[in-house]
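First the structure, in the form of structure tokens, and then the observations on it.
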Amino acid sequence: MEEVVVLIVGAGPAGLATAACLNQLSIPYVILERDDCSASLWCNRAYDRLKLHLAKEFCELPHMSYPVDAPTYIPKNQFIKYLDDYIEHFNIQPKYQTMVESSTYDENKKCWSIMARDATKCTSISYMAKFLVVASGENSAANIPMIPGLEGFPGVAIHSSSYKSDTQYSGKNVLVAGCGNSGMEIAYDLASHGANTSIVIRSPIHVMTKELIRSGMTLVQYLPLKVVDALLVMMAKFIFGDLSRHGITRPKIGPLVLKSETGRSTVIDVGTAGLIKKGIIKVLGGITKSSGKTVEFQGGNESSFDAIVFSTGYKSRVNNWLKGGESMLNNDGLPNKEFPNHWKGGNGLYCAGLARRGLAGIAMDARNIANDIKSTIYSIFN
């Protein structure tokens, strides 16, 4: 059994940020990662054209800025390079291919007992940790909804995490199920390269430009959220016109308030809205069932597809291995408490990056966790 002060589960941006903050305070830690690299979502499950949707000043991890010559909106490969440099700068040494199988709190020893499996050696490892940080991400398991008949679909049906580029879909009828940033961007990618593209949009969404959101996130430092939201919605109407004519309705709550209250993000348009307005991308309602290549939608409309890309989000796996985390996480593996008080549970349990607040939220979580651990350690020995 290995005794550690802090054990971090996950070496994505949240785990790395927490490790760096602990490093700055000279607090020892061990960081475990189930995959064979850090930030595996970015390295292995992100489509090629992906960029950070927010300006770089809102996407820095603690204690290290982007290079001065970095573009305002960081491409996927440059972000991965930034993370690699971050790991080197803070001498973070994740134990890769090590999956946590169980974690329980030992009331007698006042520590977390963690069992993990090292896939490279096919051996089990046990840890005793005073503090446990869940940083395995809200995006750990691909979520594909249950659709009657989908098992008989003869074409390609994949989650967006498996989509890399458009090359195999040119000339084919492709349905994108899901209208978040990934779904809208994948639809644009497909349509721009010759696929006959349709997208499922079931719920109201805000569509903004990246410049609008950057301005809004700057203005909220000086003006109330609702005032900034009113300005953003007015400008979006001016830029995009009435999208409801094309199947896209706007939520009653403004984009920044919606993000603050629910964690739901605004869609940052990359050109998809224009293709929808031109009729190049077709908007469809919710899927009701599938039969062969035919997919039926709400209202009874039917269309035939060669491929379906499900951009339907992810599910957390944390409740599969964490026992006794009810003080912090709900049944979906997400925080019980609302932001910004979500990051701390009981008995030295913390979570980083689960509040749906992007990289800025991750940076805030990491600093809060490291400072709280420092204060707890100080109170024990003084």
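All of these numbers come straight from a predicted model, not from anything done at the bench.
- At least one donor-acceptor pair under 3.5 Å links the side chain of Thr312 to the backbone N or O of Asn143.
- No single ILVMFWY cluster, assembled from side-chain heavy atoms under 4.5 Å apart, contains both Met99 and Val133.
- Sparse packing is recorded around NZ of Lys282, with 12 or fewer heavy atoms of other residues, nucleotides or ligands lying under 6.0 Å away.
- The local environment of CD in Glu338 is sparse, with at most 12 non-hydrogen atoms from other residues, nucleotides or ligands closer than 6.0 Å.
- Judged by the 6.0 Å and 45° rule, Arg214 forms no cation-pi pair with Phe58.
- With rounding to the nearest 0.5 angstrom, the CG atom of Leu231 is 14.5 Å from the NZ atom of Lys226.
- Side-chain contact of Asn330 with Asn336: a donor-acceptor pair under 3.5 Å is absent, judged by distance alone.
- Classification of Lys95 and Glu33 as a salt-bridged pair fails, no side-chain N sitting under 4.0 Å from a carboxylate O.
- Counting heavy atoms from C-beta on, the side chains of Leu132 and Val9 come closer than 4.5 Å.
- For the atom pair Asn173 CG and Leu190 CG, the distance stands at 11.5 Å (nearest 0.5 Å).
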Go through Arg250 and Leu243 one step at a time and tell me if the side-chain contact (heavy atoms from CB on, under 4.5 Å) criterion holds.
-> CA-CA 8 Å; Arg250 185 180 290 110; Leu243 293 178; 5.7 Å; no
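- Between the side chain of Ser260 and the backbone N or O of Leu256, no donor-acceptor pair lies under 3.5 Å.
- Between Tyr314 and His159, the ring-plane angle classifies as perpendicular under the 30° and 60° cut-offs.
- Around atom CD of Glu88, no more than 12 heavy atoms belonging to other residues, nucleotides or ligands sit under 6.0 Å away.
- For the residue pair Tyr188 and Asp269, no side-chain donor N or O sits within less than 3.5 Å of a side-chain acceptor on the partner.
- Residues Asp332 and Asn319 fail the side-chain proximity criterion, which asks for heavy atoms closer than 4.5 Å.
- With contacts defined as side-chain heavy-atom distances shorter than 4.5 Å, the pair Val228/Tyr222 does not qualify.
- No donor-acceptor pair closer than 3.5 Å links the side chain of Lys109 to the backbone N or O of Asp106.
- One N or O on the side chain of Thr376 and one on the backbone of Asp372 form a donor-acceptor pair closer than 3.5 Å.
- Remark: side-chain polar atoms of Thr209 are paired, donor with acceptor, to backbone N or O of Leu212 under 3.5 angstrom.
- To the nearest 0.5 Å, atoms OG (Ser136) and CG (Leu32) are separated by 11.0 Å.
- For His63 against Cys21, the heavy-atom pair with the smallest separation is NE2-SG, 3.9 Å.
- Looking at Lys344, its side chain never comes within 3.5 Å of a backbone N or O of Met328 through a donor-acceptor pair.
- The 12-atom threshold is exceeded at CE of Met128, counting heavy atoms of other residues, nucleotides or ligands nearer than 6.0 Å.
- For His89 and Tyr86, the ring centers sit 6.0 Å or farther from each other.
- Side chain to side chain, Thr120 and Gln97 fail the donor-acceptor criterion of an N or O pair below 3.5 Å.
- With hydrogens and angles disregarded, no donor-acceptor distance shorter than 3.5 Å links the side chain of Thr72 to the backbone of Ala55.
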Phe240 vs Ile276, side-chain contact (heavy atoms from CB on, under 4.5 Å): CA-CA, chis, key distance, verdict | CA-CA 11 Å; Phe240 296 106; Ile276 288 173; over 6 Å; no
Under the side-chain contact (heavy atoms from CB on, under 4.5 Å) criterion, do Tyr105 and Lys110 qualify, and how do the steps go?
-> CA-CA 7 Å; Tyr105 187 71; Lys110 304 300 181 187; 3.5 Å; yes
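- If you chain together hydrophobic residues whose side chains sit under 4.5 Å apart, Phe90 and Ile369 fall into the same group.
- Residues Leu175 and Val200 have side chains in contact (heavy-atom distance under 4.5 Å, counting atoms from C-beta outward).
- Under the 4.5 Å side-chain heavy-atom criterion for grouping Ile, Leu, Val, Met, Phe, Trp and Tyr, Tyr73 is not connected to Ile213 through any hydrophobic cluster.
- Counted within 6.0 Å of NZ on Lys337, heavy atoms from surrounding residues, nucleotides or ligands total 12 or fewer; the atom is thus considered open.
- Below 30°, between 30° and 60°, or above 60°: for Phe79 and Trp42 the angle between ring planes is between 30° and 60°, a tilted geometry.
- More than 12 heavy atoms of other residues, nucleotides or ligands sit less than 6.0 Å from atom CG of Asp242.
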Please test Leu61 against Leu359 for side-chain contact (heavy atoms from CB on, under 4.5 Å), starting from the C-alpha separation and ending with a verdict.
-> CA-CA 7 Å; Leu61 297 185; Leu359 291 165; 4.1 Å; yes
Hey, mind stepping through Thr288 and Glu296 against side-chain hydrogen bond (donor to acceptor under 3.5 Å, both in side chains) and telling me if it holds?
-> CA-CA 6 Å; Thr288 55; Glu296 182 181 296; 3.2 Å; yes
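- Residues Tyr96 and Ile31 fail the side-chain proximity criterion, which asks for heavy atoms closer than 4.5 Å.
- No side-chain heavy atom of Lys210 sits under 4.5 Å from any side-chain heavy atom of His53.
- Distance alone, capped at 3.5 Å, is enough to place a donor-acceptor pair between the Thr272 side chain and the Met184 backbone.
- Side chains of Tyr66 and Ile74 form a contact here, defined as non-hydrogen atoms less than 4.5 Å apart.
- Residues Ile199 and Phe310 do not share a hydrophobic cluster, defined by chaining ILVMFWY side chains whose heavy atoms lie under 4.5 Å apart.
- For the atom pair Ile114 CD1 and Ser103 OG, the distance stands at 4.5 Å (nearest 0.5 Å).
- The two residues Thr197 and Ala191 make their nearest non-hydrogen contact at OG1-N, 3.3 Å.
- Within the model, atoms CD1 of Ile280 and OG of Ser192 stand 8.0 Å from one another, a figure rounded to the nearest 0.5 Å.
- In plain terms, the two heavy atoms of Ile186 and Ser160 that are nearest each other are CD1-CB, 3.7 Å.
- Put simply, the side chain of Lys56 gets close to the backbone of Ala70: a donor and an acceptor are under 3.5 Å apart.
- When atom types are taken as modelled, the side chain of Lys259 and the backbone of Arg356 share a donor-acceptor pair closer than 3.5 angstrom.
- Grouping the Ile, Leu, Val, Met, Phe, Trp and Tyr side chains by contacts below 4.5 angstrom, directly or via other members, places Leu50 with Ile362.
- A donor-acceptor contact closer than 3.5 angstrom links the side chains of Asp365 and His342.
- With a 6.0 Å radius and a threshold of 12 heavy atoms from other residues, nucleotides or ligands, Glu101 has its CD atom above the threshold.
- A side chain to side chain contact (heavy atoms under 4.5 Å, CB included) with Pro28 is found for one member of Val5, Asn23, Leu22 and no other, namely Val5.
- A pairwise comparison of heavy atoms in Leu329 and Pro335 identifies CD2-N, 3.8 Å as the closest pair.
- Scanning all heavy atoms of the two residues, the minimum distance from Leu52 to Cys59 falls at CD1-CB, 3.7 Å.
- The shortest heavy-atom contact between Ala273 and Val207 is CB-CG1, 4.4 Å.
- For the pair Phe153 and Ile147, the minimum side-chain heavy-atom distance is 4.5 Å or more.
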Would you sort out whether Asn368 and Tyr350 count as a side-chain hydrogen bond (donor to acceptor under 3.5 Å, both in side chains), showing the intermediate values?
-> CA-CA 10 Å; Asn368 285 335; Tyr350 302 91; over 6 Å; no
